[in-house]
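Keep in mind that the numbers below use all heavy atoms, side chains included, and drop hydrogens, waters and symmetry copies. In what follows, chains are A, B, ... by sequence order, proteins preceding strands, each numbered from 1.
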There are 2 protein chains.
Amino acid sequence: MATIYEVAKAAGVSLATVSRVMNNNTPVRQATRTKVLAAMAELGYRPNSIAQSLASNRSNSIGILVSELHGPFYGAMLTGIEAEFRAAGKHVIIAAGHSERETEQDGIEFLKSRNCDALILHVEAVSDDYLIELAQGDTPFVLLNRHIDALADRCISLNNELGGYLATQHLLEQGHRQIAYIAGPMWKTDARERYAGHQRALQEFHCALNTGLFFEGDFRETGGSEGLQSIIASKQPFTAVVCANDEMASGALTTARELGYSVPEDFSVVGFDNVNFAYYTYPKLTTIDYPISAMGHMAARWVLSQVYQQADTEVQQVFEPHLISRDSTHLIV
Amino acid sequence: MATIYEVAKAAGVSLATVSRVMNNNTPVRQATRTKVLAAMAELGYRPNSIAQSLASNRSNSIGILVSELHGPFYGAMLTGIEAEFRAAGKHVIIAAGHSERETEQDGIEFLKSRNCDALILHVEAVSDDYLIELAQGDTPFVLLNRHIDALADRCISLNNELGGYLATQHLLEQGHRQIAYIAGPMWKTDARERYAGHQRALQEFHCALNTGLFFEGDFRETGGSEGLQSIIASKQPFTAVVCANDEMASGALTTARELGYSVPEDFSVVGFDNVNFAYYTYPKLTTIDYPISAMGHMAARWVLSQVYQQADTEVQQVFEPHLISRDSTHLIV
DNA sequence: GCTATATATGAAAGCGCTTACATCATACTA
DNA sequence: TAGTATGATGTAAGCGCTTTCATATATAGC
């Protein structure tokens with residue numbers, strides 16, 4: 001592999017000049033630039049990014065920590081992020097946090113030790129205080145899908161409360177009054193916020209909350225199954241169930257069918273996230289759209305503008321969810 | 001951030017010694033090691049991985065190129081890979097190839113320019129020759145889900161032909177004789193191989209191939225929908241349809257329902273991949289299990305053993321698929 | 001007690017770049 | 001025409017490590 005030194009020699013200039021034409025940060029005479037470019041081409045020169053990083057104290061890498069690498073949700077998010085950085089010539093280092101405090105912290109340390117110029121974090125288990133302290137350090141980061149007041153300017157989040165509200169409002173407007181709720185793990189902020197939105201909608205419609213119709217799930221299909229079973233077992237009447245995400249809604253749908261119920265005739269089901277398979281469930285799932293891909297793009301642009309002074313984009317901090325009405329919900333007759 | 005130099009000073013040794021205790025590659029007296037470790041702890045020293053890379057000519061990073069970052073298939077694969085490397089202290093740089101030749105080549109160049117110690121490639125559009133030439137270069141790589149004879153020792157692939165065979169064999173054993181086939185894009189090797197397996201099964205059962213019952217899809221849900229519509233429109237009788245992946249099977253299921261057919265009563269459907277949502281379709285999808293997560297792990301171990309001389313694992317090159325029988329297929333009566 | 005051998009440590013030369021700073025033309029001003 | 005600002009290039013000092021080679025110290029053999 002040719003080094004900058006060989007290029008310099010071939011072009012008959014100093015290596016500083018070669019560096020200049022690469023980085024385009026200092027005027028270079030057109031004739032000189034041409035010579036250098038020619039020499040590079042001839043030698044098949046490709047800069048050593050490690051050496052660049054060491055010398056410039058910039059690694060051009062961004063660390064991404066997500067809970068899981070699989071699952072439709074994170075996939076869409078990563079796609080948005082990668083596309084944006086790749087176009088900017090930055091690269092993305094990923095790590096999984098598995099929604100556990102220790103693994104998440106490990107992941108962050110790991111990424112920092114990799115000299116990432118910035119981090120994009122989708123963390124759930126780590127405390128606000130930990131993140132606030134992390135913000136004192138010198139690795140900038142954005143928080144995706146999390147809002148912390150003290151760090152408001154580096155949070156990109158969804159208005160989950162509104163999403164929860166919209167889901168339940170939709171059912172209420174359809175005439176439902178006995179609405180079951182299968183929540184996510186309540187230690188997760190978004191699970192709590194979605195539930196809060198549910199409660200607000202209920203209140204607005206002067207509809208009492210029936211705690212017997214509540215189940216705390218795990219955001220996975222099995223949680224939806226168990227939730228529905230538990231709710232049915234409670235013998236409380238209900239005409240609709242809102243699930244805090246699509247995976248659980250899908251589980252509920254499957255279980256409903258297995259138990260001989262049909263959706264939406266016997267009861268309606270709403271999901272949350274509008275994950276890509278929501279369109280392929282049976283019946284097609286009414287859900288709340290979570291613009292996660294757009295949010296991934298936005299997080300990447302935040303980094304590009306704050307850290308690399310590129311991209312003069314306005315950064316939108318809070319995204320709004322909206323209802324996607326499909327076939328799993330139904331007017332009450 | 002403390003440097004190795006400061007640690008050396010604090011411990012009263014040379015920086016070479018500090019380096020040695022970090023890398024554990026040269027004997028260091030126990031007393032010295034303790035002193036150094038103490039100094040490190042006190043200063044909160046953390047080695048600069050960029051400098052390590054430059055000096056050692058090892059970046060400890062592995063580049064991963066997948067077609068897409070989203071989708072259940074790639075997610076599972078990435079999870080397997082990341083877990084393995086993270087445990088080994090290596091990090092993973094990802095890029096998406098989007099199944100297009102140019103993007104894939106770009107991605108590979110990009111990853112190489114990032115000084116990856118090795119690459120794990122899941123490429124579809126790039127030619128065998130390109131890869132064979134790439135193998136001449138000095139960045140080692142494994143190929144996932146692809147088999148090239150000349151590169152056999154660095155391929156980790158599924159026996160797709162067998163998978164295709166198993167799917168169709170299952171139907172034949174259930175008494176089906178008029179079997180439609182919705183293929184993946186035939187320029188993709190795995191699509192062709194799966195179809196070949198289908199043909200072999202047919203032959204073995206002395207069952208003629210009806211080209212009217214063939215549709216070339218795109219491996220996505222829409223492809224399954226279009227495929228089923230096209231097959232129905234052909235007016236040829238059929239009692240089963242095998243789809244070259246689960247996404248298309250899911251699309252076919254949805255469309256079948258929309259057109260008033262019920263599966264498996266009116267016809268059976270088989271998928272391929274056993275992607276996680278296959279269990280949540282209605283009816284639950286009979287499919288061919290693709291052990292992609294295990295294959296991801298294996299690819300990572302290949303790198304660990306071939307490139308880093310770690311992990312004395314036997315590398316399994318070819319994985320065998322097997323049939324998962326669920327509710328979308330049915331004995332013919 | 002003295003040499004031969006093994007073991008532990010230090011000195012210093014890079015790894016391939018970036019970037020102050022110095023230098024040298026050239027162009028402009030008065 | 002000298003004096004100065006300006007633009008283009010070169011020089012060289014790092015960036016924070018690894019690693020070879022040389023040196024110093026300890027162990028063993030006779």
Side-chain angles (χ1 to χ4, degrees), chain A residues 1-40 43-61 89 112-117 138-139 308-309, chain B residues 1-40 43-61 89 112-117 138-139 308-309:
Chain A
M1 201 65 218
T3 70
I4 197 177
Y5 186 79
E6 301 169 47
V7 173
K9 200 156 131 190
V13 298
S14 77
L15 71 172
T17 303
V18 177
S19 172
R20 285 174 187 126
V21 347
M22 290 199 308
N23 294 297
N24 238 328
N25 50 10
T26 305
V28 172
R29 194 148 47 100
Q30 187 54 46
T32 315
R33 153 166 286 125
T34 311
K35 270 193 309 188
V36 171
L37 257 18
M40 283 180 171
L43 293 168
Y45 171 74
R46 290 244 307 280
N48 177 322
S49 63
I50 302 268
Q52 288 180 312
S53 297
L54 184 61
S56 65
N57 202 24
R58 269 284 161 80
S59 68
N60 285 315
S61 70
K112 286 207 309 186
S113 81
R114 251 52 206 190
N115 298 75
C116 293
D117 294 337
D138 37 29
T139 306
Y308 297 110
Q309 283 77 46
Chain B
M1 200 66 218
T3 71
I4 197 177
Y5 186 78
E6 302 169 45
V7 174
K9 202 157 129 192
V13 299
S14 78
L15 71 172
T17 303
V18 178
S19 172
R20 285 175 188 123
V21 346
M22 290 200 308
N23 294 298
N24 237 329
N25 50 9
T26 304
V28 172
R29 193 149 47 102
Q30 188 53 48
T32 315
R33 156 165 286 128
T34 311
K35 270 194 309 188
V36 170
L37 257 19
M40 284 180 169
L43 293 168
Y45 171 74
R46 289 245 306 282
N48 178 323
S49 64
I50 302 269
Q52 288 179 313
S53 298
L54 184 61
S56 66
N57 202 25
R58 270 281 163 82
S59 68
N60 286 315
S61 69
K112 287 207 309 187
S113 80
R114 248 56 205 191
N115 297 77
C116 292
D117 294 335
D138 37 28
T139 305
Y308 297 111
Q309 283 78 46

Check your understanding: Would you call A/Tyr308 and A/Arg58 a side-chain contact if the rule is heavy atoms closer than 4.5 Å?
Key -> yes

Exercise for review: Can you sort out the partners of B/Arg29 under salt bridge (Lys or Arg N to Asp or Glu O under 4.0 Å), two or more places apart, ordered by chain and number?
Suggested key: none

**Study point:** d(CZ, A/Arg29; P, D/dT6) in whole Å
**Key:** 20 Å

Study note, to complete from the structure: From CG of A/Asn24 across to C1' of C/dT18 the rounded distance in Å is 15 Å

Practice item. Could you tell me whether B/Thr32 contacts a base, only the sugar-phosphate backbone, or nothing, with contacts defined as non-hydrogen atoms closer than 4.0 Å? Key: sugar-phosphate

Exercise for review: Grab the CZ-C1' distance between B/Arg58 and D/dT18 for me, whole Å please.
Suggested key: 13 Å

Review point. Counting only heavy atoms not in B/Lys112, do more than 12 fall under 6.0 Å of its NZ?
Key: yes

Check your understanding: Is it the case that more than 12 heavy atoms not belonging to A/Asn23 sit under 6.0 Å from its CG atom?
Key -> yes

Review point. Of all residues at least two apart in sequence or in a different chain, which pass the salt bridge (Lys or Arg N to Asp or Glu O under 4.0 Å) check with B/Arg46?
Key: A/Glu109

**Study point:** Test item: A/Asn48 and A/Thr3 side chains (from C-beta on) under 4.5 Å apart, heavy atoms
**Key:** no

Exercise for review: Answer yes or no: does a side-chain N or O of B/Asn57 lie under 4.0 Å from OP1 or OP2 of D/dT18?
Suggested key: no

Practice item. Mark up nucleotides 11-17 of chain D, 5' to 3', with B wherever a protein heavy atom is under 4.0 angstrom from a base atom, S wherever such an atom reaches only the sugar-phosphate, and - elsewhere. Key: B--BBBB

